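Have a look at the structure below before the remarks.
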2 protein chains.
Amino acid sequence: MAEARIVDTRERILDAGERLFMVHGYDGTSMRQITSEAAVNLAAVNYHFGSKESLMQEVFRRRLGWLNSERISLLNKLEAESEGKPLKPSQIVDAFFGTLLGIAADESRGGMTFLRLLGRTLTEPSEFIRAVLMDEYAEVLERYKQALFRALPDVPKAEIVWRFHFMLGATSYAIAGTDALRVITDWQIEAEDSTDRLDRLLPRLMSFLLGGLRAPLPQFESVTVDGK
Amino acid sequence: MAEARIVDTRERILDAGERLFMVHGYDGTSMRQITSEAAVNLAAVNYHFGSKESLMQEVFRRRLGWLNSERISLLNKLEAESEGKPLKPSQIVDAFFGTLLGIAADESRGGMTFLRLLGRTLTEPSEFIRAVLMDEYAEVLERYKQALFRALPDVPKAEIVWRFHFMLGATSYAIAGTDALRVITDWQIEAEDSTDRLDRLLPRLMSFLLGGLRAPLPQFESVTVDGK
DNA sequence: TTAAGATTCAAACGAACGTATGAATTGTTT
DNA sequence: AAACAATTCATACGTTCGTTTGAATCTTAA
């Protein structure tokens, strides 16, 4: 069976690349590491994907395609059910970030490995990676932005955009930095095993995000660094 | 004057490294790029710093030393003034994140360049970089964590730790990703010039962070993705 | 069974990497 | 001015990088 072999090789490369890019970053990962971990020949990456950059693109495309179409159809469903009335902010936030966090427990969608790769990549403004993310994300972000505008008609649009931005940051960091911060500090987050921690991350994060989204609007006059 | 020359060379290297590490990351930046931008000889980095890794360490140490001692003394001052009573959460958040954001407008402390480097580095779990950050950050994080515990005696400590974590993420992303997200989407955040945007970032972020910090506690039972 | 196509393989390519060296230059001290 | 130390410089070292190549192997189909 030729197809099985091809798929195996391609997917083994994608899996290895996903994991290694997550741990060491794009520039910190070599083709030899990838092909070695995937147990394929060095030339296989260039044969199947063309180049290292194309491999990175495919690593993202494989996961983001599903994630974002899921987000879109979830939003469509919510809006269909609401019959023209604005959605609740919590519904929107839940749909966007809940779908994302749901990947953590689903190894077939990339699991924590892909989530952490995505989290760290959002702060790496490498030119071609930004292009890939922009390509995959533009439509989804626009749809959710508009939904939030309708859900919060009294909040200035600029403020909503910023707070969406902050929510993305808190989330991406909550995922990507989970281990990093635990090492940076020696915080003992009580005795939660890792599945417990994961189960509880979503409600914890959601409370935080909604609290931030619905916070009182800032006052811009006479603001100083020391808060006086 | 020999000293002036030494300092010039060292600082030019540090400045160039800071900027290039911010743009391209550690692995994506070569010594030849750094020495070329700094207009010094290729061997100067190894002469003055010993290695590329040591240079990276020094780039952080140069800025984090001041930042964190500032944070500590600010907290000391606040606690001295409060005469044993717990601080207000907003004071603590202001002291920690306000000091950080204050760097943005202060070129002599690194400005936006260093802030964005710091932001993107927190999601890069490279071994030796983590060690540097841990070294510089451990004391400050512990002090502020304890202050938050006292300020919010009714909130479980694990919850506070998580929310501090989320706040760090929102902030780091707000800084590091400012341009990235503006490119990912084509959001027009009205007609604010960049200094206006910077002036308003702090109050905007602070409102969001405090809203998240003081949000209702999450309910862990029967939580589903769609929030029903 | 055999020809054609798809995939894997070992080996090599030039380029760029971080680092080291020893001579040349500059600055300081006597 | 001479001796000494500190710094800069051009150059080269050995490695590793991403990519390419052409032969070998495997799969599919006539």
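In what follows, chains carry the letters A, B, and so on, assigned in the order in which the sequence lines appear, proteins first and then strands, with residues in each chain numbered from 1. Quick note: numbers below take in every heavy atom, side chains included, and nothing from hydrogens, waters or symmetry partners. Computed from a predicted structure; not experimentally measured.
- Note on residues 29-49 of chain B: pairs passing salt bridge (Lys or Arg N to Asp or Glu O under 4.0 Å), not counting sequence neighbours, are B/Arg19-B/Glu37.
- A/Leu42 places its CG atom 10 Å from the P atom of D/dT19, with the value rounded to the nearest Å.
- Applying the ring-ring contact (aromatic ring centres under 6.0 Å, His included) test to B/Phe21 and every residue at least two apart in sequence or in another chain returns B/Tyr26.
- Whole-Å rounding puts the B/Asn46 CG to D/dT11 P distance at 18 Å.
- Per the geometry, NZ belonging to B/Lys52 stands 12 Å off C1' belonging to C/dA16, to the nearest Å.
- Whole-Å rounding puts the A/Tyr47 OH to C/dA6 P distance at 7 Å.
- The shortest distance between the side-chain N/O atoms of B/Ser51 and the OP1/OP2 oxygens of C/dG18 is not below 4.0 Å.
- Scanning for side chain to side chain contact (heavy atoms under 4.5 Å, CB included) contacts around A/Ala38 gives A/Arg12, A/Ile13, A/Ala16, A/Val40, with sequence neighbours left out.
- Within the 4.0 angstrom heavy-atom criterion, base atoms lie near A/Ala43.
- In this structure, A/Phe49 atom CZ and C/dA6 atom C1' are separated by 16 Å, rounded to whole Å.
- Residues from residues 28-41 of chain B with heavy atoms under 4.0 angstrom of DNA chain C, sorted by number: B/Thr29, B/Ser30, B/Met31, B/Arg32.
- Between B/His165 and B/Trp162, the ring planes lie parallel to each other; the angle is under 30°, not in the 30° to 60° tilted range.
- Between A/Glu53 atom CD and D/dC17 atom C1' the separation is 14 Å, expressed in whole Å.
- A search for side chain to side chain contact (heavy atoms under 4.5 Å, CB included) contacts involving B/Arg109 returns B/Trp66, B/Ile103, B/Asp106, not counting sequence neighbours.
- One finds no side-chain N or O of B/His48 lying less than 4.0 angstrom from the OP1 or OP2 phosphate oxygen of D/dA6.
- Considering only residues two or more places apart in sequence or on other chains, A/Glu58 meets the side chain to side chain contact (heavy atoms under 4.5 Å, CB included) condition with A/Arg10, A/Leu14, A/Phe49, A/Arg61.
- A/Ile13 has its CD1 atom 13 Å from the C1' atom of C/dC9, to the nearest Å.
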